[in-house]
Amino acid sequence: MARQRIELAAEEAEELSRRARATTVPVRDRQRAEIILLSVQGLTQQRIAEQLGISRLCVNRWVGRFALRRLQGLSDRAGRGRKPWLPQAAVQQVLEQAVTPPPHLGRWSCRTMARAAAISPASVQRLWAASDIKPHLSRTFKLSNDKRFEEKFWDVIGLYLNPPDKALVLCCDEKSQCQALERTQPGLPLGIGHIRTKTHDYVRHGTLTLFAALNYLEGKLITRLAARHRHQEWLAFLKTIDAETPADLDIHIIADNYATHKHPAVTRWLDRHARFHMHYTPTSSSWMNLVERFFRDLTEFITEKSFASTRELADAIIAFLAARNENPRRYVWKAKGEEILRKINAARAALAVVQSESNSISETAH
């Protein structure tokens with residue numbers, strides 16, 4: 001009997017590939033997706049069975065079901081498998097109350113929820129995992145209230161997605177308060193059977209400010225260390241950029257709305273240097289400036305060490321920057337602007353609902 005040839009639509013191929021790659025889908029779903037993908041490649045049912053370690057009958061069953069019902073045919077029929085044994089009231093409590101922690105707790109844990117619902121912690125964990133509920137996680141955010149948000153957003157994103165010819169795109173910012181912290185005792189080194197240690201207390205020997213300009217296309221950095229953080233230091237940094245870049249190239253600088261960047265003295269200098277073009281990120285949107293990603297790497301480096309003076313801190317930062325520029329690493333912007341705006345608008349709508357409910361509760365209380 002001739003083997004039935006399968007042809008996949010684009011959506012089907014994408015979904016089957018996702019199932020075959022995913023580590024969170026059930027093993028049976030991943031295996032069934034692999035059967036169909038291998039069949040599409042032209043492998044015989046016997047070859048597929050040998051490769052996946054299953055029977056040829058199993059391969060024939062799922063290829064046939066897919067040919068008849070497409071993706072729906074890869075799902076088990078209703079009523080198959082182990083019947084749920086958890087009380088429906090407990091399941092509903094675990095799922096509904098997870099988003100509203102009790103007054104005496106900061107959040108629900110698997111164990112506290114298990115005690116409240118009278119089921120096992122493992123059952124709570126499985127229910128939360130199946131519904132993608134994660135009470136133990138949180139992330140910080142702040143929506144911009146800039147009235148020109150979209151205009152500034154597309155101005156900056158446009159530089160990432162379509163950099164101008166014969167020009168440099170520099171992501172610039174200051175990392176202020178780089179602290180020279182000296183641990184009160186030497187830490188014990190990492191070894192077999194024990195982790196590295198460091199004291200919780202320290203002596204603070206002062207701070208430095210690092211001015212950095214990240215070349216978006218090359219990943220290299222132009223930097224300047226300063227003891228203070230004023231418009232004079234920012235202006236000196238702009239002059240450093242002017243001196244260290246080819247004079248025939250335009251320079252597009254991405255920076256935030258910090259007052260230092262718009263000081264009258266800075267503005268006058270920029271007016272006299274026409275090759276400098278400023279692009280300001282929207283208010284509360286420093287995540288758009290890719291130099292912040294580099295600052296995270298630098299912060300991890302600094303916090304792991306101990307410094308007896310700001311001189312030692314400066315030497316360590318200079319060594320870190322030198323090694324970084326010898327092997328530059330680009331941070332490439334890949335996110336689509338439309339998708340970012342969709343998420344932001346969804347967050348604004350959700351925030352409006354929360355604020356409305358909060359105001360209603362406040363008015364009722366009064």
Side-chain angles (χ1 to χ4, degrees), residues 9-25 71 95-101 106-108 127-164 169-173 175 214 216-217 219 252-258 261 278-300 329-361:
E11 300 80 13
E12 293 174 334
E14 183 179 354
E15 174 61 19
L16 289 172
S17 298
R18 184 193 69 79
R19 295 183 189 180
R21 292 193 309 267
T23 57
T24 55
V25 301
L71 288 174
L95 297 180
E96 291 182 357
Q97 293 188 6
V99 298
T100 54
R107 63 170 178 84
W108 288 108
L127 289 171
W128 282 351
S131 301
D132 199 26
I133 297 175
K134 303 173 182 177
H136 62 291
L137 295 182
S138 67
R139 60 168 61 97
T140 58
F141 84 104
K142 184 176 181 182
L143 295 175
S144 174
N145 57 4
D146 196 319
K147 295 180 179 179
R148 298 173 54 204
F149 175 81
E150 287 202 27
E151 176 188 341
K152 294 179 180 179
F153 172 83
W154 285 115
D155 181 38
V156 174
I157 297 300
L159 290 175
Y160 295 145
L161 300 180
N162 187 24
V169 176
L170 301 180
C171 305
C172 299
D173 203 1
K175 180 169 179 55
L214 175 69
Y216 174 68
L217 293 178
H252 294 265
I253 291 182
I254 298 172
D256 58 29
N257 287 280
Y258 187 49
H261 301 161
M278 297 297 299
H279 303 265
Y280 296 106
T281 60
T283 305
S284 304
S285 300
S286 59
W287 51 269
M288 294 179 62
N289 196 335
L290 290 182
V291 75
E292 299 293 341
R293 177 63 182 80
F294 162 73
F295 284 158
R296 190 188 79 175
D297 294 340
L298 178 63
T299 300
E300 291 177 353
R329 174 187 174 188
R330 283 192 67 197
Y331 303 117
V332 182
W333 187 278
K334 295 182 179 179
K336 295 181 179 179
E338 295 83 359
E339 181 64 16
I340 295 174
L341 290 179
R342 184 191 65 77
K343 292 180 179 179
I344 289 175
N345 290 331
R348 283 177 175 161
L351 187 62
V353 172
V354 173
Q355 288 176 335
S356 177
E357 293 175 352
S358 177
N359 291 338
S360 298
I361 294 173

Original post:
Do the side chains of Ile344 and Phe149 get nearer than 4.5 Å, heavy atoms only?
Top reply: yes

Original post:
Where the side chain of His261 meets the backbone of Asp256, is there a donor-acceptor pair that is under 3.5 Å apart?
Top reply: yes

Original post:
Taking Ser144 for the side chain and Thr283 for the main chain, is one N or O donor matched with an acceptor at less than 3.5 Å?
Top reply: yes

**OP:** Determine the minimum heavy-atom distance between Ile254 and Asn289, stating which atoms define it.
**Re:** O-ND2, 3.3 Å

Subject >> Side-chain touch Pro164/Leu159, heavy atoms, less than 4.5 angstrom >> reply: yes

Original post:
Which side-chain hydrogen bond (donor to acceptor under 3.5 Å, both in side chains) pairs, counting each pair once, include a residue from residues 127-141, with sequence neighbours left out?
Top reply: none

Original post:
Any luck finding a side-chain donor-acceptor pair between Lys175 and Thr299 under 3.5 Å?
Top reply: yes

Original post:
Would you say the side-chain atoms of Ser17 pair up with the backbone N or O of Ala13, donor to acceptor, closer than 3.5 Å?
Top reply: yes

Original post:
Can you name the nearest heavy-atom pair linking Ala335 to Ile340, along with the distance?
Top reply: CB-CD1, 3.8 Å

Original post:
How far apart are the closest heavy atoms of Ser286 and Glu292, and which atoms are they?
Top reply: O-CG, 3.4 Å

Subject >> From Phe294 atom CZ to Arg329 atom CZ, the distance as rounded to the nearest 0.5 Å >> reply: 11.5 Å

Original post:
What distance separates Phe141 CZ from Leu143 CG, expressed to the nearest 0.5 Å?
Top reply: 5.0 Å

**OP:** Ignoring hydrogens and angles, tell me if any N or O in the side chain of Tyr216 forms a donor-acceptor pair with the backbone of Trp333 under 3.5 Å.
**Re:** yes

Original post:
Quick one: NE2 on His279 to CD1 on Ile157, what's the gap to the nearest 0.5 Å?
Top reply: 12.5 Å

**OP:** Using the side-chain contact (heavy atoms from CB on, under 4.5 Å) rule, take Leu170 and His252 through it: C-alpha gap first, then chi angles, then the decisive distance, then the call.
**Re:** CA-CA 6 Å; Leu170 301 180; His252 294 265; over 6 Å; no

Original post:
For the residue pair Leu127 and Leu95, what are the closest heavy atoms and their distance?
Top reply: O-CD2, 3.8 Å

Original post:
Under a 4.5 Å cut-off applied to non-hydrogen side-chain atoms, are Thr281 and Lys152 in contact?
Top reply: no

Subject >> Atom of Cys172, atom of Ile253 and distance for their closest heavy-atom approach >> reply: SG-CG2, 3.7 Å

Original post:
Looking only at atom types and distance, does a side-chain atom of Asn345 sit under 3.5 Å from a main-chain N or O of Leu341, one as donor and one as acceptor?
Top reply: yes

Subject >> Sidechain-backbone polar pair: Trp108 side chain, Pro135 backbone, donor-acceptor under 3.5 Å >> reply: no

Original post:
Do the side chains of Lys336 and Leu161 get nearer than 4.5 Å, heavy atoms only?
Top reply: no

**OP:** State the CG-CZ distance between Leu214 and Phe295, to the nearest 0.5 angstrom.
**Re:** 9.0 Å

Subject >> Donor-acceptor side-chain pairing of Tyr280 and Asp146 below 3.5 angstrom >> reply: no

Original post:
Are Arg18 and Glu14 close enough for a salt bridge, meaning some N to O gap below 4.0 Å?
Top reply: no

Original post:
At their closest point, which heavy atom of Pro282 faces which heavy atom of Asn257, and how far apart are they?
Top reply: C-ND2, 3.8 Å

Original post:
Can you name the residues that form a salt bridge (Lys or Arg N to Asp or Glu O under 4.0 Å) with Glu338, not counting sequence neighbours?
Top reply: none

Original post:
Rounded to the nearest 0.5 Å, how far apart are CD of Glu96 and CD1 of Ile133?
Top reply: 9.5 Å

